[in-house]
Amino acid sequence: MSYILLTNDDGIHHPGLLALKNALTAVGEVVIMAPDHNWSAAGHTKTMHKPLRVKTVTLPDGTPAHASTGAPSDCVALVVLGLLGSRLPDLVVSGINQGANVGQDITYSGTVAAAMEGVISGIPAIAVSLDSFDAQDFAYAAQVGANVARLVLQHGLPPHTLLNVNVPAWPAEQIAGVRVTRLGRRVYRDLLIERLDPRGRPYYWIGGEPPGGAVDETGTDIWALAQGYVSITPLRMDMTEYELLNEVESWLTDWSSG
Ligand code: MN
């Protein structure tokens with residue numbers, strides 16, 4: 001039976017994690033190692049300057065799980081490095097995240113970073129996100145996650161690649177289907193908020209409206225969600241811009257004279 005490591009970035013008590021666990025039990029043996037608090041937008045973290053602690057917890061339905069003080073990517077690393085034994089997971093699944101992870105979000109996302117940590121260690125991985133910051137019905141997205149998990153276990157993935165899955169927060173019967181997509185363009189609406197502390201010194205928040213995106217760019221993850229499609233985006237760890245290699249190389253003819 002396949003061994004699936006499940007984690008998330010919203011914290012071990014987030015209902016998206018439990019929903020995905022319940023769907024994944026039909027696919028393999030699920031072990032949970034997740035952060036003990038919310039790490040959304042923590043990106044890819046490796047905790048090196050403070051100790052990590054791990055405790056066992058029981059989820060509301062009685063499921064045993066492991067909670068770590070580390071980031072989502074730390075959770076994956078702890079298991080890969082042998083905390084729960086020498087057997088490596090066959091698949092890392094991260095989610096279900098509360099909120100889409102599309103376009104440039106993937107560089108901020110702790111959910112996607114946990115999947116990246118898996119593939120860096122040679123383990124196939126998927127990240128699953130629901131496109132809503134408040135929807136509490138994760139059942140359909142969990143089924144999607146389990147279906148994609150089953151497909152990855154069946155077909156495998158090339159080294160250093162993962163699948164990033166986003167699910168519209170629409171009623172299941174209104175979902176338009178599934179599209180395999182490329183990354184779209186997020187439009188962030190961050191605002192710098194300055195306030196004064198009780199001693200009159202300024203402090204700052206990054207505030208503003210939730211991000212939008214280029215919903216008209218056909219074939220992207222952002223477009224797919226806007227159309228009511230489940231989006232599956234294959235990602236690779238190699239971020240090299242191959243088309244720029246020769247261009248930057250050509251700059252170097254002036255290197256010594258500079
Ligand atoms: Mn999150």
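First listed ligand is number 1; within each ligand, the first listed atom is number 1.
Using a distance-only test at 3.5 Å, with no hydrogens or angles considered, a donor-acceptor pair links the side chain of Asp221 to the main chain of Gly103. In terms of modelled atom types and a separation under 3.5 Å, the side chain of Arg189 and the main chain of Pro210 share a donor-acceptor contact.
Tested against Leu17, the residues Leu59, Ile96, Asn97, Thr7 include a single side chain to side chain contact (heavy atoms under 4.5 Å, CB included) partner, Leu59.
Note on Ile232 and Leu20: same hydrophobic cluster, where clusters join Ile, Leu, Val, Met, Phe, Trp and Tyr whose side-chain heavy atoms are under 4.5 Å apart, directly or indirectly.
No more than 12 heavy-atom neighbours from other residues, nucleotides or ligands sit within 6.0 angstrom of CE on Met239.
Nearby protein atoms of type N, O or S around the Mn ion (ligand 1) amount to 4 (distance under 2.8 Å).
For residues 162-180, the pairs satisfying side-chain hydrogen bond (donor to acceptor under 3.5 Å, both in side chains) are Arg179-Tyr229, with sequence neighbours left out.
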